[in-house]
Number of protein chains: 2
Amino acid sequence: MSGPPTAGTRPDEVRRHNRTALLRRLHVGGPCTRAELAAELGLNRSTIKALVDGLAEAGVVVEQVSVKRTGAGRPSLLVLPQPRSLWVLAVDVGVEQTTVAAVGFGGEVLGTRGWTLPRGSGSPDDLLAKIGAAGRRLAERIGSEPVGVGVSVPGVVRRDGYVHEAPNLHWEGVPVGERLSAALNRPVLVGNDAELGALAEHTRGIATEAADMVFVSVDVGVGGGVISERAALRGSGGYVGELGHMVVRPGGRPCYCGCQGCWETEIGEDALCRALGLPEGSPREAVVGELRSLAGEEPQVALTRMREFTDWLGLGLINVVNLLGPQLVVLGDLLAALPDAVVDEAAETVRERSLVSRAVGGIRIVASPLGKEAKIIGAAELAFQQALSG
Amino acid sequence: MSGPPTAGTRPDEVRRHNRTALLRRLHVGGPCTRAELAAELGLNRSTIKALVDGLAEAGVVVEQVSVKRTGAGRPSLLVLPQPRSLWVLAVDVGVEQTTVAAVGFGGEVLGTRGWTLPRGSGSPDDLLAKIGAAGRRLAERIGSEPVGVGVSVPGVVRRDGYVHEAPNLHWEGVPVGERLSAALNRPVLVGNDAELGALAEHTRGIATEAADMVFVSVDVGVGGGVISERAALRGSGGYVGELGHMVVRPGGRPCYCGCQGCWETEIGEDALCRALGLPEGSPREAVVGELRSLAGEEPQVALTRMREFTDWLGLGLINVVNLLGPQLVVLGDLLAALPDAVVDEAAETVRERSLVSRAVGGIRIVASPLGKEAKIIGAAELAFQQALSG
DNA sequence: GGGCATATGTTCTGCGCCACAACATTTTCG
DNA sequence: CGAAAATGTTGTGGCGCAGAACATATGCCC
């Protein structure tokens, strides 16, 4: 860190910081004993007691005598997060489908609403109104208000919720955060879908151990999210990077962004259709079905048919790894359905040809285990990040 | 942030944090009054007094009655950093030249030693021994020991000082940190040259206001450093990204890294020579001289002659900007000598064709004002970062 | 089953750090 | 020259954590 000095800290910030750390531990790691909390947070028993007592008073946690026998000594009290005491609204605005979920403290899903809209139909305002209504219905059913709202949007978006451009939704300049904040009367945080996919995999997916990871997903376009030193990477003005618009093939196919040969034009949904021998714009089910059937074939068959696609995937990943030096790359959405042979081949390419990969050693490239859930989990975690540090 | 919870904090951490913030303010921003410190750090007068008194006791600062008249009221005491009370050793291991400098608290250079070695001559051990000797001589002259050591190396390097590979030095697997730490008996931090260039520009250069910036430099190869949210970006294992080995031209010239058409092969020193009509491997002075004379010509002349170079520069920058969303890109080393017309043209390309640039708005691309000093300043700041937070 | 070792909960005390208030000092301005 | 203003200086209080001392619950050994 450098530049202008950090602001000073007051002693009460310590309490806030420790409470936040404790809440995060419970939210991410699940129930545990007071003794474990003390050990993990490096705090004294008496301090943990004070913190937990405060949270129990507020109903956020419940203490109960531990059942498990671990040896001699008085058994420690188990601290259980109470999902309904503190919950957030998570929204995944997808190209074809929008989902609204209530996610409780600890990660339990308390309720879901979802609906399908044909691609690009309907105005942003209509959709936002529907989201607002769904959110209010969920709040009614749960009997309390959410502490925050997190939204995933597939596009170029600022943290305050201004959607600069979401090409596949045909949105431009939509103040999503402002609108939802007004409709639901709660703080709203908005993130890019791939960024939130990264957050989800890092919080509750395959990347919990990876301090530095990249999430690459193909929905319609290609998106990317980066976690660096356990924190989400964001650029200036809160905009997140657009991995999909890295030019990998100068003079290649034109992209709507104004460049030619963007990674998106080479491994996006259309490119995937071409690789699979399907017409561009085929329905999602057809693409996924074809990928699954290919995954059932001999590895060599998949590799041969998807040779070019695999090469461009590998090339883009080399660049991503060379620039960001992650220890893990997670492939999401449609890429999660790729045949293992294709993923392994791309991974091998990266290990062989990426300078940084050779230095870091042992970079893993894997399919997302959270799949379609990643975006909405990420949206929830985005909201929780703010809510738990309050 | 997510994943495993942050460790708890004790009340004494508050003092440490505030003292570090105060030291950084003085180091980076220069002398200022106690009143200004209180305002900027958001701390009470009494707290500032306690902190400053402690530092004055240790001789790190001196207080003196302020001279400037600013209005009514008792004039605030001026707090002056004492360069000789707290200094670091900064080392820039260059391809042709190695420099060792003593940099004092506040940024003043207390002394310098440097020498030139023909490219690739001499063993790492010899060079490290010379660095150690130069450091000891500087310490003798100053009359005290440095509080830390920072080293810039042009290669793939870990924060603990293990140089995985430095192709232009012909180094591989050199434990620079370990060796110098043993020789100088001080903590040693090692960074990649471009990373430290970024740190320098962000701390004392043109990028002090930019929370998110990228530094791109051509020394022999192409290096890059990223500052994100005022902190240096590092990948897994402490390795920094290698922007130079981003593949921008698949099937292009082979690079030692194993890929073809890396950015480095298109805008590295050799590519620059080709663009200027000089033989590859021309002496540095010839390259810089040719660039300077070209800068004196009509813009159109420079643009025409460097058309291809400018295009590849612009293309790589589009990728960098799309991935990282900086608000400022600083071009260092040889790139700092580029004719304005070339820089402006590349900047225009980025503004027109980078999706993220259009969203962020007003991305600036400028030549480094620190020039060759950047690396050693960065090395000093790296050491200070650790020393001031002790 | 009784006693001991062990681990944890509970309570109280002390220390460090900061904010705030009250007073002192120094300067400007009318 | 006195009032106002801004800051230095000093003492008090509150907050938060650690540690000690004691209480409690469990396992283990004889």
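Proteins get letters first, then strands, A, B, ... in listed order; numbering begins at 1 in each.
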J.: Taking the side chain of A:Arg74 as its heavy atoms from C-beta onward, which of D:dT7, C:dT6, C:dG9 lies nearest to it?
T.: C:dG9
J.: Within less than 4.0 Å of OP1 or OP2 of D:dT9, is there a side-chain N or O belonging to B:Lys49?
T.: yes
J.: By nearest nucleotide on DNA chain C, pick out whichever of B:Gly71 and B:Ser46 is the more 5' one.
T.: B:Ser46
J.: Map A:Asn44 and B:Asp12 onto DNA chain C by nearest heavy atom, then report which one ends up closer to the 5' terminus.
T.: A:Asn44
J.: B:Arg45 near the nucleic acid: base, sugar-phosphate alone, or nothing, with a heavy-atom cut-off under 4.0 Å?
T.: base
J.: Looking only at the side chain of B:Val14 (C-beta and beyond, no hydrogens), which of the listed nucleotides D:dC17, D:dT26, C:dC18 gets closest?
T.: C:dC18
J.: Could A:Arg159 and A:Glu195 be called an ion pair, given the rule that one side-chain N must be under 4.0 Å from one carboxylate O?
T.: yes
J.: Say whether A:Glu381 and A:His202, considering side chains only, have a donor N or O and an acceptor N or O under 3.5 Å apart.
T.: no
J.: Within the distance-only criterion (no hydrogens, no angle test), does the side chain of A:Thr20 pair as donor or acceptor with the backbone N or O of A:Arg16 below 3.5 angstrom?
T.: yes
J.: Would you indicate which nucleotide in C:dA19, D:dT9, D:dA18 comes nearest to any side-chain atom of A:Thr47?
T.: D:dA18
J.: What's the closest nucleotide to the side chain of A:Pro75 if the choices are D:dT9, D:dT26, C:dT27?
T.: D:dT26
J.: What integer distance in Å separates A:Glu36:CD from C:dA7:P?
T.: 15 Å
J.: Going by an N to O cut-off under 4.0 Å, is there a salt bridge joining A:Lys49 and A:Glu63?
T.: no
J.: Nearest to the side chain of A:Ala35, heavy atoms from C-beta on, is which of D:dA5, D:dG16, C:dT8?
T.: C:dT8
